[in-house]
Every structure is written in C-alpha cells, then in structure tokens.
Number of protein chains: 2
Amino acid sequence: MDLLIELGALAFASRMKRMSEIGMQSVADVYQYYGIDFEAKYFPLFYYLSQKGEASIMEIAEVLKVTHPGIIQIAKELEKKGLIISKKSAEDARKRNLKLSKKGKILLPKLQKIWADVKAVNADLFESRKHNILIALQELEDAWEEKSYLDRFKEFHHLS
Amino acid sequence: MDLLIELGALAFASRMKRMSEIGMQSVADVYQYYGIDFEAKYFPLFYYLSQKGEASIMEIAEVLKVTHPGIIQIAKELEKKGLIISKKSAEDARKRNLKLSKKGKILLPKLQKIWADVKAVNADLFESRKHNILIALQELEDAWEEKSYLDRFKEFHHLS
DNA sequence: CAAATTTGCGTAATCACTTACGTAATTGTT
DNA sequence: AACAATTACGTAAGTGATTACGCAAATTTG
C-alpha cells in the first residue's frame with residue numbers, strides 16, 4: 001500500500017519537499033558527472049549575478065524570494081571558493097555588493113553549457129506531460145498570492 | 001522582472017521547497033484557528049497510526065519515506081504531548097511499537113474533521129485547475145522512479 | 001535640522017529534517 | 001551451536017534554510 005497516494009493532498013507539502021530534494025540531488029549528480037566543484041544551491045545566486053553583473057544582498061534576497069541570511073550564507077561559501085567577490089557600495093554605505101570574480105567568470109561558460117543541457121532534459125521531463133508541473137506550480141503560487149489558505153478555509157466554512 | 005519565471009525549470013527545486021513550506025504553514029494556521037495543539041509535521045505519523053493501529057519505527061519510516069531518526073524525533077514530541085505511547089515489541093526485542101494513546105484517540109475525531117475540511121479546500125484549490133499539480137507530481141515521481149535524472153541526462157548527451 | 005523611522009546587513013539560535021555511526025537483537029550459514 | 005551478516009533503534013553532528021534580534025546608515029517628517 002502506498003500511503004502517500006492515499007494521503008493525497010494532505011501530504012502534499014512533504015511530497016513537494018521530497019521532490020525538491022530529489023531535484024537538488026539530480027543537479028548535484030550532473031555537476032559531479034562533469035567533475036565541476038559547484039553545488040546546486042549556488043545556482044540561483046550565481047546565475048542572477050551572471051545576468052545582473054552586480055547586486056546587493058537584499059536585492060538578491062528579494063528577487064530570489066529567500067531571506068537575506070540565506071544569501072549571506074551562500075555568498076560566504078562562494079566567496080571562499082573564490083567564485084564571487086564583494087565590496088561595500090559607494091553610493092550607500094549600508095549595502096554590500098556582490099559580483100562574479102575573475103575565476104567565476106572563467107567558470108561561467110562551462111556552467112552555462114551544463115545549465116543549457118539541464119534545461120533541455122527538463123523540457124523533456126516536465127513540459128512534455130499533459131499536466132505540466134511548472135505551470136501548475138505557477139497557478140498555485142498565483143492563487144495563494146491572491147487569497148491566503150486560511151481565508152479560503154474560513155470562506156468554505158461559512159458556506160458549509 | 002520575475003527571475004523565477006525566467007529560470008523556469010532550473011529553479012524548480014527551490015520553488016517546490018518554498019511551496020511546501022507555505023503548505024505546511026497553511027495547515028498550521030488552520031490548527032491554530034481551531035485552537036488545537038497539533039503541528040503539521042505530526043500529520044503523517046499520527047494519521048498512519050490512526051489507520052494502522054500499531055507500528056514499529058522502521059515500518060513507519062519506510063511507508064512515509066523518511067529516515068528513521070526523523071520518525072524518532074516526531075514520536076518523541078508526540079509522546080511528550082501524550083498523544084502516542086510506545087512499548088517494546090513482544091516478538092522482536094529490537095523493535096519499539098508506536099500507537100495512539102487514550103488522549104490521542106480522544107483528539108482523533110476533531111483532527112479527522114479538520115483533515116476532511118482541509119481536503120475539501122484542497123480539492124477546490126488543486127483539482128479545479130487545468131494543470132493539476134497532484135497529478136503532475138505523481139507523474140513526475142513515476143518518471144523519476146523509472147529512470148534516474150542522471151541517466152536521462154547521459155542519454156540526451158549520447159544523442160546530441 | 002534634529003528626531004524618529006526605515007532599510008541593509010550580520011550574527012545567533014532554531015527547525016525539520018538528513019547522514020554517519022554505534023550497539024543490541026535477530027537471522028542465516030556451516 | 002558458533003559466528004557472520006543483517007536489521008532495528010538511538011544518538012550526534014551536519015544541512016540548508018528559517019526567525020529573532022541588534023547595529024549602523026539612510027531617509028522621512030515635524
């Protein structure tokens with residue numbers, strides 16, 4: 001008996017988490033396959049810097065929708081590996097700006113090639129299905145933004 | 001600019017995790033709304049025991065697809081709250097069996113009512129969409145089981 | 001323009017798991 | 001029956017994020 005199926009929507013959160021962990025591990029496997037010293041968790045920050053050039057801690061945290069201590073931690077690791085550098089902003093002394101280091105810029109093309117391949121495999125894995133999980137996820141995120149779960153719940157109770 | 005959209009499948013794992021956290025918090029809100037001292041993370045274990053009656057640590061871990069130390073931790077909390085009890089198995093002295101306590105059984109009907117309501121709200125939230133995330137998730141879990149991500153990746157490379 | 005508020009960052013503690021490892025009980029092998 | 005291998009459980013430490021809190025710099029406002 002697969003209890004997880006029986007639980008259905010109620011165990012949704014755990015299943016999402018497990019799936020996300022599998023996803024992270026999968027990307028880790030790919031980096032290892034290429035013998036590249038890069039972790040899946042670095043991707044959002046590193047990718048954003050590769051596009052934006054330079055950005056402050058808070059800006060990155062907001063765009064990537066994580067908390068700023070999370071960015072600080074990942075930035076610390078990437079800085080230790082020499083892939084990014086940071087310096088105080090000239091315009092605003094509160095801000096610390098991050099950008100790719102020379103070493104990071106050298107690594108970038110290799111990573112971009114991997115990312116492109118990952119994207120292609122993902123396209124096959126995700127987009128070729130009748131129920132597209134990426135679209136489904138986006139719809140759910142939008143629905144959540146529009147009205148909180150508890151509000152939906154209360155509404156349901158007034159009706160029933 | 002919404003980077004998360006641009007990232008698409010590549011940031012899939014982080015989005016899954018975030019969504020799962022929102023889901024967990026939502027259920028927590030509902031318990032609080034009812035003034036019930038129960039946490040979202042208890043659900044899988046408590047629900048399984050309510051169905052199965054009695055089960056060992058490892059059995060639960062396998063069914064719920066988490067590691068056994070995870071079960072031990074949650075069981076510890078539930079035991080402290082007096083909602084479950086545990087005793088060494090008579091047949092196998094290595095095993096420790098868990099089951100609902102009297103207090104747990106008294107709480108159960110209230111929880112079942114909440115779970116039923118949550119399920120109804122979820123049905124509206126999840127199933128009424130064009131792209132059903134539960135089905136999509138199931139499809140993805142099945143696909144993953146069938147062939148690992150790295151294998152897909154390698155296959156893609158041999159072809160390209 | 002001084003005081004109050006807000007913003008950006010950093011550290012510490014916490015959380016819900018995990019992996020790693022050790023011990024005791026059971027099972028399998030000869 | 002002895003010994004090896006496996007299984008069940010427990011503890012400790014690690015992970016990748018979070019919340020809570022504090023300080024310093026910038027901005028707002030009376």
Side-chain angles (χ1 to χ4, degrees), chain A residues 4 11-25 27-28 38-46 54-81 84 86-98, chain B residues 4 11-29 38-46 54-81 84 86-98:
Chain A
L4 291 180
F12 173 68
S14 335
R15 289 174 66 191
M16 287 293 262
K17 190 167 184 196
R18 188 156 32 250
M19 184 52 67
S20 103
E21 272 151 15
I22 293 171
M24 292 293 261
Q25 189 51 54
V27 181
F38 196 84
E39 291 181 37
K41 66 177 165 172
Y42 300 156
F43 168 72
L45 171 54
F46 197 87
E54 188 165 343
S56 75
I57 304 279
M58 277 307 293
E59 177 193 334
I60 297 165
E62 274 158 21
V63 174
L64 302 183
K65 293 188 185 153
V66 293
T67 57
H68 78 270
I71 298 299
I72 290 171
Q73 277 185 37
I74 292 170
K76 210 174 271 178
E77 288 184 47
L78 279 169
E79 208 160 5
K80 196 184 266 175
K81 285 189 187 297
I84 67 169
S86 78
K87 66 168 203 294
K88 270 235 175 313
S89 161
E91 305 88 53
D92 187 335
R94 292 170 303 179
K95 292 186 181 175
R96 181 162 71 94
N97 288 331
L98 307 181
Chain B
L4 291 179
F12 173 66
S14 336
R15 289 174 67 190
M16 288 292 261
K17 190 161 188 201
R18 187 156 36 250
M19 184 52 67
S20 104
E21 273 152 16
I22 293 171
M24 292 293 259
Q25 188 51 54
S26 300
V27 182
D29 292 344
F38 195 84
E39 291 181 37
K41 67 177 165 173
Y42 300 156
F43 169 72
L45 171 54
F46 197 87
E54 187 165 343
S56 75
I57 304 280
M58 276 308 292
E59 177 192 334
I60 297 166
E62 274 157 21
V63 175
L64 301 183
K65 294 187 185 154
V66 293
T67 58
H68 79 270
I71 299 299
I72 291 171
Q73 277 185 33
I74 291 170
K76 209 174 272 176
E77 289 184 47
L78 279 169
E79 208 161 5
K80 195 184 266 175
K81 284 188 187 295
I84 68 169
S86 78
K87 66 169 203 293
K88 270 234 175 313
S89 161
E91 306 89 51
D92 187 336
R94 291 169 304 178
K95 291 186 181 174
R96 182 163 69 97
N97 288 332
L98 308 182

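The sequence lines fix the lettering, A, B, ..., with proteins before strands; numbering per chain opens at 1. Since we're looking at a predicted model, the values are computed, not measured.
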#### Entry: 5'-most by nearest nucleotide on DNA chain D - B:Ile57 or A:Glu39
B:Ile57
Taking the minimum atom-to-atom distance to the side chain of [X], which one of [options] wins?
X	options	value
A:Gln73	D:dA20, C:dG8, D:dA17	D:dA17
B:Lys41	C:dC17, D:dA26, D:dT11	C:dC17
B:Pro69	C:dG10, C:dT19, C:dG8	C:dT19
B:Met58	C:dC9, D:dA8, D:dA26	D:dA8

Using whole Å, report how far [atom1] of [X] lies from [atom2] of [N].
X	N	atom1	atom2	result
A:Glu62	C:dC9	CD	P	9 Å
A:Glu77	C:dG10	CD	P	15 Å
B:Lys95	D:dT7	NZ	C1'	9 Å
B:Glu79	D:dC9	CD	P	13 Å
B:Leu64	C:dC17	CG	C1'	14 Å
B:Leu45	C:dC17	CG	P	11 Å
B:Lys65	C:dA16	NZ	P	23 Å
A:Asp92	D:dA24	CG	P	16 Å

### Message
Test side chain to side chain contact (heavy atoms under 4.5 Å, CB included) on B:Leu78 and B:Leu98; report intermediate values, then the result.
### Response
CA-CA 10 Å; B:Leu78 279 169; B:Leu98 308 182; over 6 Å; no
### Message
With a sphere of 6.0 Å drawn around NZ of A:Lys88, does it hold more than 12 non-hydrogen atoms of other residues, nucleotides or ligands?
### Response
yes
### Partners meeting ring pair (Phe, Tyr, Trp, His ring centres under 6.0 Å) with A:Tyr42 (sequence neighbours left out)
A:Phe38
#### Entry: Short side-chain N/O contact to D:dT11 OP1/OP2 from B:Lys76, under 4.0 Å
yes
### Message
Taking the nucleotide of DNA chain C with the nearest heavy atom to each, does B:Thr67 or B:Arg94 sit closer to the 5' end?
### Response
B:Thr67
### Summary
Heavy-atom nearest pair, B:Lys41 first then B:Pro44, reads O-CD, 3.5 Å
Quiz: residues 66-74 of chain B side-chain donor-acceptor pairs under 3.5 angstrom, not counting sequence neighbours:
none

